[in-house]
Amino acid sequence: MVKPTAKEPCVFCKIVAGEVPSYKVYEDDEVLAFLDVNPVNPGHLLVVPKAHYKTITDMPKDLYEEIAEKVWELSLKMQKALDPDGMNIVQNNNEHAGQLVPHYHVHVIPRYSGDSDRYIEEWKTKDLSKEEMKEVQAKLQS
Ligand code: 5GP
Ligand code: ZN
């Protein structure tokens with residue numbers, strides 16, 4: 001098992017270490033998936049590396065890929081087991097992007113036609129000019 005590396009063990013490190021209980025759904029040497037304690041819907045999953053990394057840019061590529069593969073497998077399992085009408089795959093990086101727990105995690109959220117909220121409607125979108133679109137395109141391409 002990968003040892004948590006956070007200086008002050010965070011709540012997900014404690015879940016990995018078994019010091020905080022969780023409803024586990026999947027586990028291997030590198031990855032753990034468990035139910036979110038505040039689910040958007042029943043089955044709302046969190047998929048985490050056992051090692052402590054805060055954000056996507058902290059993660060080694062192979063571990064990122066490992067997690068992505070498990071998210072894919074678990075989304076198939078969720079589709080089969082719960083038959084949702086949709087799923088949100090959400091991953092927040094840093095507080096300004098809504099990250100509350102500073103240990104990398106991917107939300108896998110089953111969504112249903114009757115849900116009263118839709119995640120994307122909470123985003124405020126911006127009207128950008130052609131120039132602004134081109135400017136940011138160039139920054140991302142370079
Ligand atoms: P974030 O906003 O960081 O992407 O989401 C953190 C998620 O972790 C939240 O949805 C929250 O409900 C969940 N969470 C926080 N503490 C615990 C805990 O102790 N156990 C579980 N299972 N989930 C937690
Ligand atoms: Zn941690």
Side-chain angles (χ1 to χ4, degrees), residues 1-129 132-142:
M1 191 186 103
V2 180
K3 288 260 188 298
T5 52
K7 279 185 199 135
E8 299 288 329
C10 73
V11 65
F12 290 176
C13 281
K14 286 181 180 167
I15 285 175
V16 167
E19 291 161 14
V20 167
S22 68
Y23 295 93
K24 292 179 188 174
V25 167
Y26 174 84
E27 180 167 20
D28 63 28
D29 286 348
E30 309 284 339
V31 181
L32 180 67
F34 52 95
L35 296 178
D36 194 305
V37 77
N38 300 307
V40 170
N41 275 317
H44 179 164
L45 280 180
L46 299 172
V47 186
V48 309
K50 287 189 168 177
H52 182 93
Y53 294 96
K54 185 176 179 189
T55 69
I56 186 170
T57 52
D58 298 328
M59 295 261 291
K61 185 169 176 242
D62 56 348
L63 186 54
Y64 172 80
E65 288 172 348
E66 187 74 26
I67 303 266
E69 190 179 324
K70 296 311 167 206
V71 167
W72 180 76
E73 287 173 2
L74 286 162
S75 73
L76 291 186
K77 196 174 243 189
M78 181 176 285
Q79 190 63 53
K80 218 171 164 185
L82 304 180
D83 194 28
D85 299 313
M87 280 180 263
N88 289 122
I89 310 294
V90 181
Q91 195 269 308
N92 300 319
N93 296 281
N94 285 325
E95 293 75 6
H96 286 289
Q99 185 175 19
L100 297 174
V101 176
H103 182 128
Y104 184 93
H105 54 280
V106 181
H107 297 256
V108 183
I109 308 173
R111 303 307 302 256
Y112 298 91
S113 59
D115 285 354
S116 57
D117 64 307
R118 289 181 56 207
Y119 185 78
I120 205 158
E121 284 170 4
E122 292 175 14
W123 291 354
K124 289 201 173 59
T125 57
K126 292 188 167 63
D127 264 335
L128 296 188
S129 66
E132 287 169 320
M133 292 293 254
K134 281 184 181 163
E135 192 186 324
V136 75
Q137 178 191 31
K139 277 185 190 166
L140 290 171
Q141 281 174 337
S142 66

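As the structure lists them, so they are numbered: ligands from 1, and atoms in each ligand from 1. Scope of the values below: all heavy atoms of this structure, side chains included, with no hydrogens, waters or symmetry mates. Model, not experiment: these values are computed from the prediction.
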### Those residues that, when tested against K24, pass salt bridge (charged side-chain N to carboxylate O under 4.0 Å, His left out) (two or more places apart)
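K24 satisfies salt bridge (charged side-chain N to carboxylate O under 4.0 Å, His left out) with E27 once adjacent residues are dropped.
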Where does ligand 1 get N/O contacts under 3.5 Å from the protein, atom by atom?
from	atom 1	to	atom 2	distance (Å)
ligand 1	2 (O)	G98	O	2.7
ligand 1	2 (O)	L100	N	3.4
ligand 1	3 (O)	L100	N	2.6
ligand 1	3 (O)	V101	N	3.0
ligand 1	3 (O)	H105	NE2	3.0
ligand 1	4 (O)	N92	ND2	3.0
ligand 1	4 (O)	H105	NE2	2.7
ligand 1	4 (O)	H107	NE2	2.8
ligand 1	5 (O)	H105	NE2	3.2
ligand 1	5 (O)	H107	NE2	3.3
ligand 1	10 (O)	D36	OD1	3.3
ligand 1	10 (O)	D36	OD2	2.5
ligand 1	12 (O)	D36	OD1	2.5
ligand 1	12 (O)	N38	ND2	2.9
ligand 1	22 (N)	L35	O	2.9
ligand 1	22 (N)	V37	N	3.4
ligand 1	23 (N)	V37	N	3.3

### Query
In H52, the N, O or S atom nearest to the Zn ion (ligand 2) is which?
ND1
### Query
the Zn ion (ligand 2) as vertex, arms to ND1 of H103 and SG of C13: angle to 10°?
110°
### Query
Does E69 reach the main-chain N or O of E66 with its side chain, forming a donor-acceptor pair under 3.5 Å?
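Not a single qualifying donor-acceptor pair exists.
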### Task
Mind running ring-ring contact (aromatic ring centres under 6.0 Å, His included) on Y104 and F12 for me, showing each step along the way?
CA-CA 9 Å; Y104 184 93; F12 290 176; over 10 Å; no
### Message
For a side chain to side chain donor-acceptor pair (under 3.5 Å) check, start with the C-alpha distance between Y26 and D28, then their side-chain angles and the critical distance, and finish with the verdict.
### Response
CA-CA 7 Å; Y26 174 84; D28 63 28; 2.7 Å; yes
### Query
Can you check whether V31 reaches V48 side chain to side chain, under 4.5 Å on heavy atoms?
no
### Query
Tell me, which pairs form a side chain to side chain donor-acceptor pair (under 3.5 Å) where one or both residues lie in residues 93-103, sequence neighbours left out?
H52-H103, K54-N94, K54-E95, Q91-N93
### Query
For H44, what residues pass the ring-ring contact (aromatic ring centres under 6.0 Å, His included) criterion, not counting sequence neighbours?
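Here the qualifying residues are H107.
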